[in-house]
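Shown next, in structure tokens, is the structure this report addresses.
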Amino acid sequence: MKYALINGKILNGHQDMEVETGKAIFIENEKIVAIEPYRNLDKSYQIIDLQGKYILPGLINMHVHLAGNGKPQKKQKDNEKTVKMLMSNPLSRKITYKVVSNFAKIELMSGVTTIRTVGGIAHYDSKFRDEILKRKVIGPRIVASNEGISVPHGHMAGSVAIAAHNNEEALALVDKAKSQNVDLIKLMITGGVLDAKEKGVPGELKMPPEMVKAVCDRAHQLGYKVAAHVESSEGVRVALENGVDSIEHGAKLDDEMIALFKEKKAFLCTTISPALPFALFDPSISNVSEIEKYNGELVFNGIIDCAKQALENDIPVVLGNDVGCPWVSQYDFWRELYYFHKYIGVSNRFALYTATSLASKYAGLENITGSIDVGKDADMIVVSENPLDDLKALRYVEKVFTRGKLIDHPKVKINKTVETELDKYL
């Protein structure tokens, strides 16, 4: 299909982006082939009049779990027991795969044209990625890790990660991931808010440093980057010292950690969305215990401190919303940009750049997607208002282009109760 997009206000996704007018975007098959003043075309082009609306790169969500819907729970579920049940027979596995696939489609319909998964069920993330690539189904571009690597009683062990009892088992899991043709390896180095049984230990170190090093060494030999769930300063240090390429979530940094980030050329993936309800909601709304609220505040403040320190020290920061956590829905990534602006203090422009061009670089896709440039894939979204004025404009997506394919007026079913509560913190 060939498209000529006319009368649009272009935001190209570059760090210095400004609204561009008077140009058309020409698409042939998957690619942007020209960005220039409109000219008469042959009849093979379908002309789409954007009527003065804003067109920008599709968003890139760098921290996704496709196994969850983010629906708040009145009490914690046993995720390991749930996953065992879901994977217990062929019919339930088929249903589970369909659910995972539908969650990925919701990401796309909400304007997220690329996702990076960092812990999932079985090999479903890479399986759906491959079906999309083969044009069997429609979905976002997926950078997949499949199941993460954890330890016994570690973060997400038995649900979206597998517990390794020793280095040999951990290395076998890296080899298993390679056999599934993953795009990166995910480690669960520390615990999280829901793992902690006492106040003050939400990011307790769970994975031995020697296991972190063994996995990173094997992954790097195979050409993979390693992402790590880390929610404590000790965890950040252990992760960076032993070869991790990205810190997911983060915690307050000291000078040694900042130096390690730079020495290792590592980056930070900030995730404000999942910590906010624990830290800021009244417990009668969030249904969290006193311990969970206390630890949620620690993690929330640690994530914000880490992002601010990273930016102050020229450490790259990208955005993910840890979708699947309570109160974090598959259609709500736009909120992470808004929180980045509100709590970290960056401009709307920088938040948008972070979630498009910069994210594409650290997803390994900078030559393919992330900006509106000739030669890039046509991954774009259209909104009515200018997100440089208000990032809430990203909430209502009117058109999505994914590899040049148009989805007009994408439909997303939202949870109004969740949205109403979260809107109090915008």
Side-chain angles (χ1 to χ4, degrees), residues 11 13-17 54 56-64 70 107 110-116 118 227 230-231 246-253 261 266-280 296-297 299-323 325 327-363 370-371 381 383 385-395 397 419 422-426:
L11 292 168
H14 296 178
Q15 188 168 0
D16 60 352
M17 76 182 93
Y54 294 82
L56 57 145
L59 303 180
I60 300 176
N61 189 345
M62 291 285 281
H63 193 110
V64 172
E107 290 275 342
S110 69
V112 177
T113 55
T114 299
I115 63 174
R116 173 177 173 259
V118 282
V230 174
E231 291 188 352
S246 72
I247 299 295
E248 312 290 312
H249 315 303
K252 191 172 181 62
L253 305 175
F261 259 110
F267 66 94
L268 173 68
C269 182
T270 290
T271 58
I272 300 171
S273 294
L276 185 145
F278 284 89
L280 302 185
E297 290 172 353
V299 169
F300 180 70
N301 292 327
I303 287 171
I304 288 173
D305 286 344
C306 192
K308 287 181 176 179
Q309 290 176 285
L311 291 174
E312 288 167 1
N313 288 279
D314 297 320
I315 295 166
V317 178
V318 296
L319 303 179
N321 67 342
D322 205 0
V323 62
C325 289
W327 299 91
V328 187
S329 303
Q330 297 286 353
Y331 52 76
D332 251 357
F333 179 57
W334 67 271
R335 289 186 186 275
E336 190 67 29
L337 282 73
Y338 192 93
Y339 297 154
F340 192 50
H341 158 70
K342 179 175 180 177
Y343 294 103
I344 311 302
V346 304
S347 67
N348 291 349
R349 178 180 286 100
F350 189 81
L352 193 57
Y353 158 71
T354 299
T356 54
S357 287
L358 189 65
S360 71
K361 177 179 179 180
Y362 289 96
S371 64
I381 60 176
V383 296
E385 305 299 327
N386 186 355
L388 298 186
D389 294 334
D390 188 345
L391 289 166
K392 291 193 290 293
L394 301 172
R395 184 177 202 159
V397 176
E419 295 299 290
L422 287 171
D423 282 352
K424 297 175 184 178
Y425 299 89
L426 295 178

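Both backbone and side-chain heavy atoms feed into the values below; hydrogens, waters and symmetry mates do not.
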Salt bridge or not between R335 and E419? Use side-chain N to carboxylate O under 4.0 Å. yes

Min side-chain heavy-atom separation Y362-S246 under 4.5 Å: no

Within the distance-only criterion (no hydrogens, no angle test), does the side chain of E248 pair as donor or acceptor with the backbone N or O of C269 below 3.5 angstrom? no

Would you check if the side chain of D332 reaches a backbone N or O of V328 as a donor-acceptor pair within less than 3.5 Å? no

Nearest heavy atoms of Q330 and V64, plus distance in Å: OE1-CG1, 4.3 Å

D390 side chain vs K392 backbone, donor-acceptor pair below 3.5 Å: yes

Give a yes or no answer on whether the side chain of S357 reaches the backbone of G370 with a donor-acceptor pair at less than 3.5 Å. yes

What's the separation between atom OG1 in T354 and atom NE2 in H341, rounded to the nearest 0.5 Å? 13.0 Å

Side chains of I115 and F333: closer than 4.5 Å at any heavy-atom pair? no

In short, I344 meets A307 closest at the heavy-atom pair CD1-CB, 3.7 Å

Heavy-atom pair of closest approach, residues L11 and P57: O-CD, 3.1 Å

Under a 3.5 Å distance rule, please check whether S329 uses its side chain to pair with a backbone N or O of G70 as donor and acceptor. no

Just do the side-chain contact (heavy atoms from CB on, under 4.5 Å) check on N313 and F261 with the steps written out, would you? CA-CA 10 Å; N313 288 279; F261 259 110; over 6 Å; no

Test side-chain contact (heavy atoms from CB on, under 4.5 Å) on S273 and Y339; report intermediate values, then the result. CA-CA 8 Å; S273 294; Y339 297 154; 3.6 Å; yes

What's the spacing between L56 CG and Y353 OH if we round to 0.5 Å? 16.0 Å

Testing the basics here: between V397 and G111, what is the closest heavy-atom pair and its distance to 0.1 Å? CG2-CA, 4.1 Å

In terms of heavy-atom contacts, I272 and E336 come closest through N-OE2, 2.6 Å

Could you give the distance from NZ (K252) to CD (Q309), rounded to the nearest 0.5 Å? 4.5 Å

Backbone N/O of L352 and side chain of T356: donor-acceptor pair under 3.5 Å: yes

If the plane angle is over 60° it's perpendicular, under 30° parallel, otherwise tilted; pick one for Y343 and F300. perpendicular

Assess the residue pair E107 and V323 against the criterion (side-chain contact (heavy atoms from CB on, under 4.5 Å)); give the C-alpha distance rounded to whole Å, side-chain angles, the decisive distance to 0.1 Å, and a yes or no. CA-CA 10 Å; E107 290 275 342; V323 62; 3.6 Å; yes

Heavy atoms of P277 and P274 approach each other most closely as CD-O, 3.5 Å

From D389 CG over to Y54 OH, what is the distance, rounded to the nearest 0.5 angstrom? 6.5 Å

Should we say atom CD of E297 is surrounded by more than 12 heavy atoms from elsewhere, each under 6.0 Å from it? yes

Using a 3.5 Å distance criterion without hydrogens, assess whether the side chain of E231 forms a donor-acceptor pair with backbone atoms of A251. no

Interatomic distance, OG@S371 vs CD@Q15, rounded to 0.5 Å, equals 13.0 Å

Return the CD1 to OG1 distance between I303 and T271, rounded to the nearest 0.5 Å. 4.0 Å

Might you work through the side-chain hydrogen bond (donor to acceptor under 3.5 Å, both in side chains) test for N61 and N321, ending with a clear yes or no? CA-CA 7 Å; N61 189 345; N321 67 342; 2.7 Å; yes

Please report the C-alpha distance between S360 and I60 in whole Å, then the side-chain angles of each, then the deciding distance to 0.1 Å, and finally whether the side-chain contact (heavy atoms from CB on, under 4.5 Å) criterion is met. CA-CA 7 Å; S360 71; I60 300 176; 3.7 Å; yes

Got a sec: does the NZ of K342 have more than 12 other heavy atoms crowding it under 6.0 Å? yes

